[in-house]
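Residue numbering restarts at 1 for every chain, and letters A, B, ... go by the order of the sequence lines.
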Amino acid sequence: TSLKEKHKILHRLLQNSTSPVDLA
Amino acid sequence: LVSAVLSPQELISRIIEAEPPETYLMKDVKRPFTEANVMMSLTNLADKELVHMITWAKKIPGFVELSLLDQVHLLECCWLEVLMLGLMWRSVDHPGKLMFSPDLILSRDEGSCVQGFVEIFDMLLAATARFRELQLQKEEYVCLKALILFNSNLCLSSSEGEELQSRTKVMRLLDSVTDALVWAISKTGLSFQQRSTRQARLLMLLSHIRHLSNKGIDHLHCMKMRNVVPLYDLLLEMLDAHIMHGS
């Protein structure tokens, strides 16, 4: 996985086990 | 794969449980309806819905078993199709109008202030009317949305090892959701012939939604280039990713 991919918001939200709604 | 051990009925229950909550704009569209005001409201709403969409995808049985790269790729390819199908579902009971949210229902005239939007608006209304004629059921709707997700791109990441397994999983997930759709249609009490026809009619609408999504991406890209509306964070990232995949 490229560094660019890892910096994606989508990437982070998918990886996070908590609800993305809480993060938004 | 978790979806492989679920019956079609159980799979549909899980997909229905994954449905996102209603999203509200929470503020009035600035009057008068101008291109910038309408686009600002639509993009604000899309931003909120995208966050819910990620939660939705993660709750679809089998999705989180795919490689992270494929999860990203599938969502980047299908996000506007998923938003548009949701829009059609909400608008089914509002002929001639599109219910972007309970507090943002636009008529064709109101949408026409946005340059190039009327053509897309009319196509959205036409597809919504078709779902109305077909009396789309909720079980069928949720299956179609999951099919859009898993069918969004055949060209996933590299075809080696773990990634190949991930692609095989996507195909199996597509089969599971297709079985669930067939089960949902079978509940309608139609004859075998009528069920096959209904299945084909519903699936054929997906190609119109793909076409609409491509039109919508081009339109949003154009709005961005013209600086009609500022795009931020997730929506901007999803638009750029789609443009990149498209090119």
Within the side chain of B:K58, is there an N or O that forms a donor-acceptor pair under 3.5 Å with the backbone of A:L13? yes
Which portion of B:E237 sits near chain A, non-hydrogen atoms under 4.5 angstrom: side chain
Using side chain to side chain contact (heavy atoms under 4.5 Å, CB included), reason through A:L14 and B:L75 one step at a time and then give a plain yes or no. CA-CA 10 Å; A:L14 281 168; B:L75 279 166; 3.9 Å; yes
Would a 4.5 Å heavy-atom cut-off, applied to side chains only, mark A:K8 and B:E76 as touching? yes
Quick check for you: to the nearest 0.5 Å, what is the distance between A:N16 atom CG and B:I54 atom CD1?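 Output value for this atom pair is 11.0 Å.
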Let me confirm one number: the CG-CD1 distance from B:D233 to A:I9, rounded to the nearest 0.5 Å. 4.5 Å
Counting only heavy atoms not in B:M26, do more than 12 fall under 6.0 Å of its CE?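 At most 12 heavy atoms, drawn from other residues, nucleotides or ligands, come within 6.0 Å of this atom.
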